[in-house]
Structures are given as structure tokens and as C-alpha cells.
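I have placed the structure first, in the form of C-alpha cells, so that the comments after it can refer back to it.
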Amino acid sequence: MTHESTSQPFVMDTAFWTATAIFLLAYATIISEKVHKTIIAVFGAGLILIFKILHQHEAFHVEEFGIDWNVIFLLVSMMIIINLMKPTGVFEYIAIKSAKWGKGDPFRILAIFAVVTAVLSAFLDNVTTVLLITPVTLLIADALEVDPIPYLISCALASNIGGTATLVGDPPNIMIASKARLDFMAFIYHLTPVVIVIMVFYIFALKLIWGRRLITRDELKQRIMAMDEREAIKDPVMLKKSLIVLAIVLTGFVFHGMLHLQPATVALFGAGLLLLLSKTHEPHHILAEVEWPTIFFFMGLFIIVGGVVKVGLIKWLSIKMLELTQGNLFATSMVVMWFSAFASAVVDNIPYVATMNPLIIDMARQLWPNLSGVHLLQHPDLMPLWWSLALGACLGGNGTAIGASANVIVVGMSEKAGRKISFMKFMAYGMPIMIMTVAVSTIYVWLRYYVLKI
Amino acid sequence: MRARDLMIPLQEYLRPDNTLKEAVNLLRMAKRGEERVGVKGLPVIDEKGRIVGMLSMRDILRAVFPFYLSMMELGDFTWDGMVEAIAKRSSNRLVKDVMSRVVITIHEDAPLMECVDHIIKHNIKRLPVIDKDGRVVGMLYERDIFFAITKAMLDEDTRGTE
């Protein structure tokens with residue numbers, strides 16, 4: 001399949017223009033937010049199929065053009081595991097414990113929450129993490145009688161940074177891993193180190209921005225210290241089962257490359273096992289709480305992007321991109337990283353990465369026409385491009401209030417708490433942090449892959 | 001017996017732009033029949049005489065309950081004085097932001113069973129009674145229906161049963 005489509009020259013025929021029009025209209029409507037993005041994605045996918053841009057078989061069963069079931073099952077399975085874990089009270093326990101580590105000091109708590117959020121985000125999806133952490137940050141801010149806004153914004157930014165660190169942390173990474181057939185440890189080896197460095201810079205930045213402004217009285221600190229985190233645990237038996245399953249899943253992720261198992265296989269096994277162990281007779285609620293709109297958004301997008309891949313739009317774009325950077329891969333990496341960052345700050349990074357993945361693969365095909373499979377996808381000269389895409393697309397989400405779902409959630413929560421964060425206010429913090437983190441990533445990619453070559 | 005026969009004619013009500021402070025004061029001082037005993041809920045009526053909401057004790061409780069507490073199990077981590085502090089902060093909030101907007105009303109000519117039907121199905125304690133122009137003319141309380149039922153059971157004088 002792969003070989004045939006590379007050798008076929010594309011023509012700008014009716015199918016080409018139909019698919020391109022559907023793609024552009026869909027993306028424009030998603031950006032305008034006039035209609036819910038999931039509806040656009042599903043309707044756009046319907047159009048791609050009804051106009052026979054893709055045959056149904058291609059949309060459902062062909063890896064190159066259709067739905068990436070790896071991504072779908074990994075997301076669904078992780079959501080099921082989290083939904084089963086939530087009622088145990090473990091997340092409340094972690095959050096209260098963190099606040100007490102901070103000894104009631106407002107800035108220490110802010111910094112600890114940023115680190116805890118980043119670590120949780122590396123393993124759970126960012127929206128889930130933010131939904132688990134922010135209620136506690138609001139409680140803590142009320143207890144200390146300090147402004148909740150620094151806690152909310154720093155939590156959203158930290159979740160986007162932390163999510164960059166691993167394969168499962170953020171949807172762009174899940175998508176890149178699946179397309180480039182990269183395993184969990186590759187992300188740990190290539191992205192986690194730079195994310196740790198970024199976190200150090202980030203905490204310093206937080207100290208500069210809010211360090212002196214957060215003050216409280218000693219008697220209010222007692223409110224935090226009087227909390228007993230052990231009261232949070234509602235179901236110790238289920239908690240033990242969840243932790244065992246989580247340990248199995250994480251071990252599975254670490255070794256999935258060696259075991260020749262896909263990450264989705266590992267996660268699906270974990271979800272099935274925990275459902276079984278939970279002894280629930282009503283899986284209905286657990287399954288209903290899966291974020292189906294997100295899942296269907298992915299499925300629709302995969303089909304729309306599959307359509308423009310098949311007609312050759314993406315290949316045409318990749319040729320233009322190589323012309324622009326004249327085949328210099330360092331320049332291409334930098335363009336990909338910075339363009340991805342600013343693009344992800346304004347548009348959803350999921351459709352963006354869904355489009356960029358095939359573009360990078362088409363570019364690789366122009367560069368190394370004789371290679372295929374893993375040799376092509378993981379060509380040593382291509383690897384920095386994947387990492388640049390991941391870093392740009394994930395960290396770019398911090399740029400604006402609409403750059404990442406976690407930001408949207410936090411802004412919504414803040415408004416509900418009676419403390420509106422305006423678009424400009426979010427950007428005043430998010431954009432400098434985004435630029436700083438992408439700058440650190442630029443130095444990292446340049447130093448590691450083009451100077452030290454390790 | 002119909003809604004009109006059991007209702008207490010409308011005496012006190014709230015405006016959407018009243019503050020919670022004004023509202024709780026009225027709730028505490030409101031008359032019920034001839035006595036000034038305080039009530040647990042009042043209708044919210046706009047300047048055109050239309051009912052736009054109900055403000056009850058439960059709505060006041062909700063107004064001081066931070067939304068984040070319901071998102072997770074955080075009730076164990078609250079402190080003494082929290083309710084009072086939020087109550088002070090909330091005293092200038094407006095009735096229209098706190099009231100229940102879904103209001104079940106009953107027509108003044110409705111038979112008593114229709115009232116019972118609403119009270120049971122919607123789990124409410126009081127029903128605003130409206131006339132044919134949609135204006136609120138009175139309030140019908142669960143307690144008064146209960147007294148009507150006891151009278152019937154005890155074979156006391158009941159009008160309009162046939």
C-alpha cells in the first residue's frame with residue numbers, strides 16, 4: 001500500500017479539490033467555534049466518504065488513510081482506568097498531601113502543585129489532571145485567603161509541560177508515536193530530559209512572577225495543616241487494585257517495545273483487568289464517562305486528514321516545505337518546532353498534528369525514496385523532526401487561553417469561581433512561558449541532535 | 001377543592017435585582033397568613049408581574065456552597081468559619097443569580113390532585129398559583145394540602161368534594 005501511493009504521481013483533479021475544500025472548510029469552522037468541533041469532524045468525515053474520496057474500507061481499515069485505532073483505544077482505555085480510580089479518593093489524597101508538604105506557604109504550595117500536576121499529566125491526559133487538581137487549588141486558595149488565579153494558570157501551564165514528557169501524556173505524542181512507530185521508552189529517552197529542564201526554568205519563572213505576591217497569615221496556614229489527607233481515601237480495597245493495575249500498565253508501557261505489544265494493547269488490557277477487579281455490575285456509568293466527544297473528534301479528523309493524504313494535498317505541502325528549507329533538516333526541525341508552537345497556540349493541536357504527521361512522512365519519502373517502514377519512519381536524520389513536532393505542538397498549547405483543552409477548563413473554572421481570566425490576561429502569562437519553553441527546546445534539539453549527535 | 005381555595009394570597013415576593021441580604025431579611029420576616037413567622041421560600045416576580053424564579057432555603061445554601069466542593073470529595077477538608085465567611089462575601093449577590101429558574105406553577109382553577117401531582121413529581125414544598133393572565137395570585141403549601149387531607153380523613157367539613 002505504502003509503496004504504491006508513493007510512486008503514484010498525484011493530479012489536481014476533482015477529487016483533489018473536493019477533499020481540499022472539505023478539509024479547509026472543516027478546519028475553518030473548527031477555528032471559528034460556530035459549531036461544536038466534534039460535529040464538524042464527524043460531518044466532514046461523512047462528506048469524505050459520501051464523495052468517495054476514501055472508500056469505507058480505507059477509512060476504517062487502512063492504516064495510512066483511516067482511523068488510527070491505536071490512538072482511539074489508548075485514549076479510551078486510559079479514561080476507563082482513571083474513571084475507575086477517581087472514586088477511591090486517591091487524587092484528593094495526593095492533592096491534600098501536596099498542600100501539606102508546602103507547610104501552608106502559598107508559594108511553596110503553588111510550586112509543589114505545579115510539579116505534581118506536571119507529573120500526573122505525564123501519565124494521565126491533561127484535562128483529567130486539571131479537573132483533579134484545580135478543585136483542590138481553589139479550596140487551598142480559599143483556606144489561605146489568597147488569589148486563586150495564579151494557582152489556576154500555573155496548573156494549566158504545568159499540565160501542558162508535563163504532558164510533553166511521555167508517549168501517553170498528550171494526544172500529539174500518542175499520535176506521533178503511532179504514526180512513527182515509536183515506543184514509550186523512546187519518548188522517555190528523548191523528551192523527558194528536556195521537560196525536566198523546562199520544569200526547572202518554569203518554577204523559577206513562577207517564583208519571579210508570583211513569588212512575592214502570595215502572602216498569607218500564620219493562623220490561616222493552620223487550616224491546611226489541620227487537614228487529614230487519610231480521610232480522603234474512600235475505598236482502600238479498590239485503591240489497592242487500581243494501584244496494582246496502574247503498576248502493570250506502566251510496566252507494560254516501559255517494556256512494550258521489547259514485548260512487541262502496542263501501547264493501546266497494554267492500556268486495553270489494564271482497563272479490562274480493572275473493570276473485572278472492580279466487580280461492578282453496572283459498567284454503564286464508567287463507560288458513559290469516557291469523553292466520547294473527544295474520541296469522535298479524533299475519528300472524524302483521521303478520516304478527513306486521510307482524504308487529503310490520499311488526494312496528494314499533504315504530499316504537495318511537504319514538497320513546498322522542503323523547497324522552503326532547501327532540504328536542510330536542521331532548518332526544517334526549527335521551522336516545524338516554532339511553527340507548531342504558534343499554530344498550536346491558536347488552533348487545537350490535535351487536528352494540527354493529525355495533518356503534520358503524514359506531511360513529515362511524505363517529506364521523508366522525498367528524501368529517502370528507497371526506504372520504507374521503520375527504516376524510513378525512524379531514519380536517524382528524521383528523528384529530530386518528530387521530537388521538534390512533539391515539543392512545538394505540546395508546549396505551544398500554553399500560548400493562549402484556547403491553545404489547549406486544559407486552559408479552556410481552567411478559564412471556565414475561574415469564571416465559575418467569580419474570578420474571570422480574560423483572553424489577554426491568560427496570554428500575558430502563557431505566551432512568555434511558551435516562548436521560554438520552546439526556546440529551551442530549541443537549544444536542546446540543536447545541542448543534542450546537531451552538535452553532540454547523541 | 002381547587003388550588004384557589006387552599007392557597008394563601010400573595011403578600012410578599014422578591015425582585016430579581018434584590019440582593020441576597022434583602023432576600024434573607026424578607027424570608028425571615030415574611031408573613032404567612034396573619035402571623036409573621038418567616039417562610040422558607042418566596043417567588044421572584046419581575047416588574048411585569050410574571051414569575052421568573054423561586055428562591056428557597058436550599059438556594060441560599062447553594063449560594064454559599066463553593067462549586068469546587070461538588071467536583072470532588074472535599075467535604076472532609078473544610079474548616080470552621082468557612083460558611084460564615086462565604087455568607088458575608090455573598091450577601092451582595094443578586095437574587096436572579098442564585099434563584100431556581102425552573103418554576104412549576106399551578107393554575108388557580110386546578111383541582112387539588114393536580115397540585116399533589118406536581119408536589120410529588122417535582123419534589124417541591126410550595127407552588128405558586130397563577131391566574132389566567134399568568135400573574136401570581138397566591139402560594140399553595142404542601143402543609144396546607146396535608147391539612148385538607150387530614151380533614152377529609154377525619155370526615156370534617158370538606159367543600160366541593162362532589
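Protein chains get the first letters and strands the later ones, always in sequence-line order, with residue 1 at the start of each.
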Given heavy-atom pairs under 4.5 angstrom as the criterion, report whether the side chain, backbone, both or neither of [X] touches chain B.
X: A/Ala143; value: both
X: A/Ile224; value: neither
X: A/Ala417; value: both
X: A/Lys86; value: neither

Heavy atoms, side chains only, cut-off 4.5 Å: are [X] and [Y] in contact?
X: A/Met227; Y: B/Trp79; result: yes
X: A/Met413; Y: B/Met71; result: yes
X: A/Leu138; Y: B/Phe67; result: yes

Between B/Arg89 and A/Asp142, is there a side-chain N and carboxylate O pair less than 4.0 Å apart? yes
Using side chain to side chain contact (heavy atoms under 4.5 Å, CB included), reason through B/Tyr68 and A/Leu139 one step at a time and then give a plain yes or no. CA-CA 7 Å; B/Tyr68 57 78; A/Leu139 177 81; 3.5 Å; yes
Work out which heavy atom in B/Met72 is nearest to a heavy atom in A/Leu132; give both atom names and the distance. SD-O, 3.0 Å
Minimum heavy-atom separation for B/Phe77 and A/Asp228, please, with both atom names.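 Result for this residue pair: CE2-O, 3.1 Å.
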Might you confirm whether atom [atom1] of [X] has over 12 heavy atoms from other residues, nucleotides or ligands at distances under 6.0 Å?
X: B/Asp80; atom1: CG; value: no
X: B/Asp133; atom1: CG; value: yes
X: B/Phe146; atom1: CZ; value: no

Could you check A/Arg230 against B/Asp76 for salt bridge (charged side-chain N to carboxylate O under 4.0 Å, His left out), going step by step and ending with a plain yes or no? CA-CA 10 Å; A/Arg230 283 167 303 185; B/Asp76 288 327; over 6 Å; no
Which one, A/Glu145, A/Glu231, A/Glu229, leads in non-hydrogen pairs under 4.5 Å with chain B?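 Looking at each of A/Glu145, A/Glu231, A/Glu229 in turn, A/Glu231 comes out on top.
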